[in-house]
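Order of the sequence lines sets the chain letters (A, B, ...), proteins ahead of strands, with each chain counted from 1.
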Amino acid sequence: MQLDGLNKEQKLGVTTTEGPLLILAGAGSGKTRVLTYRTAYLIEEMGVKPYNIMAITFTNKAAKEMRERIDKLVGNEDGGVWVSTFHSACVRILRRFAERIGYGNNFTIYDSDDSKTLIKHILKDLQIDSKRFKEKMFMGEISSAKNELIGSLEYRNRFSNDYKLNVVGQVYQEYEARLRQNNAFDFDDLIMKTVELFKTVPEVLNLYQDRLHYIMVDEYQDTNNAQFQLIRLLAGRRQNLCVVGDDDQSIYKFRGANIYNILNFEKHFPDAKVIKLEQNYRSTQVILDAANGVIKNNVGRKAKKLWTEKSGGDKITFRQFESAYEEADYIAMDITSKCRDGLYSYMDDAILYRTNAQSRILEEKLMHLNIPYKIIGGVNFYSRMEIKDILSYLHVIENVQDEIAIRRIINVPKRGIGAASLEKVSTFARANGYSFYESLLKAKDIPTLGKAADKIKKFTDLIEELREDTKTNKRIALLIRNVYEMSGYAEALRLENTEESKARLENLEELYAKGVSYDEGTEEPTLTGFLEEVALVAQIDDLEESKDYVVLMTLHSAKGLEFPNVYMAGMEDGLFPGFMSMMAGDDSEDMEEERRLCYVGITRAKERLVMTAAKKRMLRGEIQYSSASRFIKEIPNNLLDNNSPSMYELGFAGRKEDTFSPKKPARSIATSYGSSGSSYQNSYSSTSSSIYGARKPSMASGSYGSGVQKKLPAYIVGDKVKHRKFGEGVVSDILDKGRDYEVTVLFDTAGPKKMFASFAKLEKI
DNA sequence: CACAGGTCTCTTTTT
DNA sequence: GAGACCTGTG
């Protein structure tokens, strides 16, 4: 087999097949390459059957990529290598064997919304004041316990003398009981219950140990204890376990990841060999030096230093702005000018930030400049209200024990079944030992219900009919449509007839479309399979790298990706590193994790890295003032280009004047304006403030937006257009007002409105 | 029981 | 600034 394209260490990683192996793979050092070649090597040179190999990743996207690359090398024969995420692998195992630990094989997977709802119900029933103890606290505690494989009974025993944890224990125990009643697993259960299954039913474990001779784990630094135990069990006596990771990229502590899994790998597996991949094939020397400069401030790490043959490179741009608006404006304009000059395409650019909330302003600016973009994260498609509603119907159809799903939809659309009636059903169920759904079926036997019994009957009839339907109809798309049509859900939205309800209807159609593509792309479509896929998608999974758009996402989501031109926005103390980690202290573990996150961000960049900060930004409805991030100061100064850029440099020559010369500067700070001539100053070392300080953000955004060359609208008089707020209307006039076009629209419902073209975001329809 | 309108509370990050 | 939650009214 040809291994010529690999360096010495990579080759070693490929050919060291027996026994435990830790590959410490720095950012961009070609670890996926090693893993795929290693798999091919096992098959072609060692004669291992693909069936006996497993590769585990964290996201479907990573799994899919690896699968494709393996298939390219060795083809996809006899079932092929088992490439899967932790969660899907466990679901697959549990679907086969859940009955062995007292669950039905048709179990539902609860997302965190569902868990939260369940906790809410429990707090109410146990009469725990949810003001004093927050649901989030319970969720966090229970999740950590599960990640540590601590069951509810053990938890209660262990923490019985602490008042708060004692309450948590009670809730945990009840939570477990109800998950079981509902035949549901939460995310953490998927791993924990699989481990439990392996431990309590040895023959199941044997089955998998016999099959899986070689196991590989990607992103090992992000594994939690439950995952560690799972892997250890699977690796069994053979111990042909190859883990790949980078302790410097461990950024999921909040989710239970235990960095000591990778730091102590050699202790856990005494015969382990260690290979370091330190040659970076991604970034320029400048970028790597910056990354090294930052990460070397962490103490708890394995010594390593990335190097590259790509010496030199563009300096890293750092700019601090007066406000988040100006920051966003700069980034958007920079992208425009770079793309216009042909240096980069949109798909080469990524904007990374610490918190999802930062995306909004950036999005606005990109929209204004007509830059195609895609935001990863934020509100998941599948967690939108209408989508969750329809999915809840599907969950009930699949598993009638799912009380959370039933309660969610029993009165959606409105059927006149209120909280009081549900309480009566619930009481009846408890008194007679029925499940919630069984009680609904027996509603007419509940004397206190009165007229509500008929309404409930209609609901159960609907569910029964839909369940009947699934026996003959195997097409998910059709089932989805049946659900929203037969339930009256779509009809209710059509009657509402608002912008919002229309958007929701569109989302239903999108869900239908997802059903269609599932039906088409799956050999044997099942409701179970569809719901599973939906439950386990990650935000990053729907990034399409071949499409020409700028990607916006959190630093967390960006791990594993690379882009020629990267923007890191919001480089401010208090935001990044976050407030909490600053409180925890300079050398706290929290701060080290933030620093690793910064390292991850920097190392995403191949050629060009731009870091920006704002002195002032809105945070939770309050104006927050911050100074530049300490991480900026950790980058060696000679790598930074922090000269004051002019509008000239940005390629907007000639627009400078009308952008930054307001007619009437705000009184109180009038003296400071004009001192710099540009608000794109680098204030890292400067103290001058701009006139924008005293203006309302909305004004500011309106005013410097005009620095953008005005564009002829994409519509003409007489066209039908759509506005986000006002709905649809007809363009009755377009006037050239110098800086922008003023458009008059006669809206169907809102009446005539005048607006500036570049802000109105009118869409031709 | 449904809905409108007012009040309160906010961390990150996500499989 | 947004979303969850509560409360009063019809």
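At a cut-off of 3.5 angstrom, the base of B:dT15 holds no donor-acceptor pair with the side chain of A:R255.
Using a 4.0 Å heavy-atom cutoff across all strands shown, A:T223 reaches no nucleic acid atom at all. Contact annotation for A:S557: backbone-only contact, meaning every heavy-atom pair under 4.0 Å involves sugar-phosphate atoms and none involves a base. Across all strands, A:N356 comes closer than 4.0 Å only to sugar-phosphate atoms, never to a base (heavy-atom distances). Contact annotation for A:K559: no contact, since no heavy-atom pair falls under 4.0 Å across all strands. No contact: A:D111 has no heavy atom under 4.0 Å from any strand. A:G578 comes within 4.0 angstrom of no nucleic acid atom, judged by non-hydrogen atoms across all strands. Among the protein residues, A:F58 comes within range of the sugar-phosphate backbone only, with heavy atoms under 4.0 Å from sugar or phosphate atoms but none that close to a base. Counting any heavy atom pair closer than 4.0 Å across all strands shown, A:I417 reaches sugar-phosphate atoms only and no base atom. Looking at heavy-atom distances under 4.0 Å, A:Q227 makes no contact with the nucleic acid at all.
For A:T355, the listed nucleotide lying nearest its side chain is B:dT13; candidates were B:dT13, B:dT11, C:dC5. Among B:dT13, B:dT12, C:dG1, the nucleotide with an atom closest to any side-chain atom of A:M618 is C:dG1. In the set B:dT13, B:dT15, C:dG1, the nucleotide with an atom closest to the side chain of A:T59 is B:dT15. The side chain of A:H556 lies closest to B:dT13 when the candidates are B:dT13, B:dT11, B:dT15. In the set B:dT15, B:dT12, B:dT14, B:dT15 carries the atom at the smallest distance from any side-chain atom of A:A538. Relative to the side chain of A:R620, the nucleotides B:dA2, B:dT13, B:dC10 differ in distance, and B:dC10 lies closest. Comparing atom distances between the A:E135 side chain and each of C:dC5, B:dT15, C:dG1 picks out C:dC5 as nearest.
The aromatic ring of A:F254 stacks onto the base of B:dT13, its centre lying under 5.5 Å from the centre of the six-membered base ring with the two planes under 30° apart.
For A:F185 and A:Y103, the distance between ring centers is under 6.0 angstrom. Side-chain rings of A:F254 and A:H556 approach one another, their centers coming within less than 6.0 Å. In this structure, A:H87 has its ring center at least 6.0 angstrom away from the ring center of A:F58.
With DNA chain B read from its 5' end, the first of the two nearest nucleotides for A:K134 and A:R415 is the one closest to A:R415. Of the two residues near DNA chain B, A:N380 and A:F579, the one whose nearest nucleotide lies more 5' is A:F579.
Rounding to whole angstrom units, CG of residue A:D114 and C1' of B:dT15 are separated by 14 Å. One atom, NZ of A:K136, and another, C1' of B:dT14, lie 13 Å apart when rounded to the nearest Å. Going from atom CG of A:N147 over to atom C1' of B:dT15 covers 10 Å, rounded to whole Å. The nearest whole Å value for the distance from the CD atom in A:E593 to the C1' atom in B:dT11 is 15 Å. Rounding to whole angstrom units, NE2 of residue A:H87 and P of B:dT14 are separated by 14 Å. Here B:dC1 presents its P atom at 7 Å from NZ of A:K455, a figure rounded to the nearest Å. Separating the NZ atom of A:K124 from the P atom of C:dC5 is a distance of 12 Å, rounded to the nearest angstrom. As a whole-Å value, the separation of A:Q358 CD from C:dG1 C1' is 15 Å.
Judged by distance alone, the side chain of A:N225 and the main-chain N or O of A:N258 form no donor-acceptor pair under 3.5 Å.
Phosphate contact (OP1/OP2 of B:dT14, side-chain N/O of A:S143, threshold under 4.0 Å): absent. OP1 or OP2 of B:dC3 sits under 4.0 Å from a side-chain N or O of A:K414.
The 12-atom threshold is not exceeded at CD of A:E589, counting heavy atoms of other residues, nucleotides or ligands nearer than 6.0 Å. Counting heavy atoms of neighbouring residues, nucleotides and ligands inside a 6.0 Å radius, atom OH of A:Y208 exceeds 12 of them. The local environment of OH in A:Y382 is crowded, with over 12 non-hydrogen atoms from other residues, nucleotides or ligands closer than 6.0 Å.
Nucleotides B:dT13 and C:dA4 have their P atoms positioned 15 Å apart, rounded to a whole Å.
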